[in-house]
2 protein chains.
Amino acid sequence: MLNGEECDMSGWDMNNCPVRDVIDRIAGKWSTLILEALAQRPYRFSELRRMVPDISQRMLTQTLRDLQRDGYIDRQVFPTKPPSVEYRMTELGHSLFAPLSRVLAWAADNHPAVKAARARYDESELA
Amino acid sequence: MLNGEECDMSGWDMNNCPVRDVIDRIAGKWSTLILEALAQRPYRFSELRRMVPDISQRMLTQTLRDLQRDGYIDRQVFPTKPPSVEYRMTELGHSLFAPLSRVLAWAADNHPAVKAARARYDESELA
DNA sequence: CAGCATCCCGAGGGATACTG
DNA sequence: CAGTATCCCTCGGGATGCTG
């Protein structure tokens, strides 16, 4: 990575860079929020909806499918009536979330610094 | 984060969640590539272009501006002729790249596992 | 309850041409 | 060399309505 091994810009064409292939998925608008929730414990569809109130059920479904497809979460259907579905983070998902949560924590911690940098930049721009 | 402190889904409305505010920027298509390059050493505009061959100069300029605005990189102009500009990662940028590079490394390491998961999913889908 | 189908919009981003 | 300026188009994602 750092030495240009995995996704060397000069070697890969963008469309099949393995790092991008993975990153693009978790870079979606809702992925990290869902992962954050399921990192704690399994949740049902309606529970997740309540936890991420601004998400549409369309995007919740789609994001869950994408995360499931990439192997980060499992979907288990209980054939009750009415049906109930539980989503649970897989081992792969947890192993991803370990480093990912560090970045999220960094973002939370350094948000003030970033906001300050933006203010400084915008200030110097209004020439 | 994990305990719902920083970006508690039930508390924040999406549009001013501090974590998203930071993450959305570095989740852009080219940001990580540029950060990866500048984490190693400073580079000039044309050098970066060569390192990320698929980027348009429009997006290179724009991504550099965004990263600069958020305080991750510095821009230094040398008034030579023709002009030369050097981009250099700041301390804030390096402190971000530390955890970020872990995620990128994870992505590189686990790309096969993710591809396998996708294959399994797609297989089971073509009912 | 947990979806799927449809319509629709705006932002992100590509291609091309021009400049200090 | 290091940009800026336009045009254009894809596609992520919102809103709404319907189903097993």
Side-chain angles (χ1 to χ4, degrees), chain A residues 9 13-15 17 20-21 23-34 37-38 42-70 73-88 121 124-125 127, chain B residues 9 13-15 17 20-21 23-34 37-38 42-70 73-88 121 124-125 127:
Chain A
M9 301 90 179
D13 65 279
M14 263 323 48
N15 296 351
C17 164
R20 296 211 57 78
D21 191 30
I23 297 297
D24 284 347
R25 286 288 156 121
I26 62 182
K29 187 172 181 182
W30 305 105
S31 306
T32 56
L33 281 304
I34 306 295
L38 294 177
Y43 282 108
R44 295 178 47 189
F45 189 87
S46 51
E47 291 178 313
L48 289 169
R49 250 194 114 167
R50 273 189 295 274
M51 295 177 72
V52 193
D54 287 354
I55 198 174
S56 63
Q57 96 285 43
R58 181 195 192 283
M59 287 317 295
L60 180 53
T61 302
Q62 185 175 304
T63 304
L64 288 169
R65 284 295 176 286
D66 288 346
L67 295 177
Q68 182 193 356
R69 191 171 106 96
D70 280 16
I73 64 177
D74 264 342
R75 189 181 112 109
Q76 189 172 0
V77 182
F78 299 97
T80 60
K81 71 171 170 113
S84 146
V85 178
E86 189 183 85
Y87 293 91
R88 176 187 298 268
Y121 182 91
S124 69
E125 279 310 278
Chain B
M9 301 89 179
D13 65 279
M14 264 320 51
N15 296 351
C17 164
R20 295 212 58 77
D21 191 30
I23 297 297
D24 284 348
R25 285 290 156 120
I26 61 181
K29 187 171 179 181
W30 304 104
S31 305
T32 57
L33 280 305
I34 306 295
L38 294 177
Y43 282 108
R44 296 179 45 190
F45 188 87
S46 51
E47 291 177 313
L48 288 169
R49 249 193 116 169
R50 273 189 294 275
M51 294 176 73
V52 193
D54 287 354
I55 198 174
S56 63
Q57 95 283 42
R58 181 196 193 281
M59 287 318 295
L60 180 53
T61 301
Q62 185 174 304
T63 304
L64 288 168
R65 284 296 176 285
D66 289 346
L67 295 176
Q68 183 193 357
R69 192 171 103 98
D70 281 16
I73 64 177
D74 264 342
R75 189 181 113 108
Q76 190 174 0
V77 182
F78 299 96
T80 59
K81 68 168 170 125
S84 146
V85 179
E86 187 183 86
Y87 293 91
R88 177 187 298 266
Y121 181 92
S124 70
E125 280 310 278

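Sequence lines set the chain letters: A, B, ... in the order given, protein chains first and strands last, and positions in each chain run from 1.
- As a whole-Å value, the separation of B:Arg75 CZ from D:dA2 P is 10 Å.
- Residues B:Tyr87 and B:Arg44 form no side-chain contact, since every pair of their non-hydrogen atoms from C-beta on lies 4.5 Å or further apart.
- Considering only the side chain of A:Val85, C:dA2 comes nearest among D:dA2, C:dA2, D:dG3.
- At whole-Å resolution of the value, CG in B:Leu60 and P in D:dA2 are 10 Å apart.
- Taking only side-chain atoms of A:Arg65, from C-beta outward, the nucleotide of C:dG14, C:dC4, D:dG14 with the closest atom is C:dC4.
- Mapping A:Gly28 and A:Pro83 onto DNA chain D via the closest heavy atom, the residue that lands nearer the 5' end is A:Gly28.
- B:Leu64 places its CG atom 16 Å from the P atom of D:dC1, with the value rounded to the nearest Å.
- Regarding contacts with the backbone of D:dC1, every side-chain N or O of B:Ser84 stays at 4.0 angstrom or more from both OP1 and OP2.
- Taking each heavy atom of B:Asp21 and B:Arg25 in turn, the nearest pair found is O-CG, 3.9 Å.
- Between B:Arg65 and B:Arg75, some side-chain heavy-atom pair lies under the 4.5 Å cut-off.
- Residue B:Tyr43 places none of its side-chain N or O atoms closer than 4.0 Å to OP1 or OP2 of D:dC1.
- The distance from atom CG of B:Asp24 to atom C1' of C:dG12 is 12 Å, rounded to the nearest whole Å.
- Distance, B:Asp66 CG to C:dA11 P: 15 Å, rounded to whole Å.
- For A:Lys29, the listed nucleotide lying nearest its side chain is D:dG13; candidates were D:dG13, D:dT4, C:dG3.
- Between the P atom of D:dC1 and the CD atom of B:Glu86 lies a distance of 16 Å, rounded to the nearest Å.
- We find that CG of A:Leu33 is positioned 18 Å from P of D:dG12, with the value rounded to whole Å.
- Checking the phosphate oxygens (OP1, OP2) of D:dG3, a side-chain nitrogen or oxygen of B:Tyr87 falls inside 4.0 Å.
- Summarising the geometry, the separation between CD1 on A:Ile26 and C1' on D:dG12 is reported as 17 Å, rounded to the nearest angstrom.
- Judged by distance alone, with hydrogens and angles left aside, A:Arg58 brings a side-chain donor or acceptor within reach of the base of C:dT6, the pair sitting under 3.5 Å.
- Nearest nucleotide to the side chain of B:Met59, out of C:dG13, D:dA2, C:dA2: C:dG13.
- Contact of the B:Leu38 side chain with the B:Tyr43 side chain is registered, since non-hydrogen atoms from C-beta on lie closer than 4.5 Å.
- When the side-chain nitrogen and oxygen atoms of B:Ser56 are compared with OP1 and OP2 of C:dA15, none of them lie within a distance under 4.0 Å.
- Among the atoms of the strands shown, base atoms are found under 4.0 Å from some heavy atom of B:Gln57.
- With respect to the salt-bridge test (charged N to carboxylate O, under 4.0 angstrom), the residues B:Arg88 and B:Glu86 qualify.
- Regarding contacts with the backbone of D:dA2, a side-chain N or O of B:Arg44 is found under 4.0 angstrom from either OP1 or OP2.
- Comparing C:dA2, D:dG14, D:dC1 by their nearest atom to the side chain of B:Pro82 picks out D:dC1.
- No engagement by B:Phe78 is indicated, since no non-hydrogen atom pair under 4.0 Å with the nucleic acid exists.
- Closest approach of B:Pro79 to B:Val77, counting heavy atoms only: CD-O, 3.7 Å.
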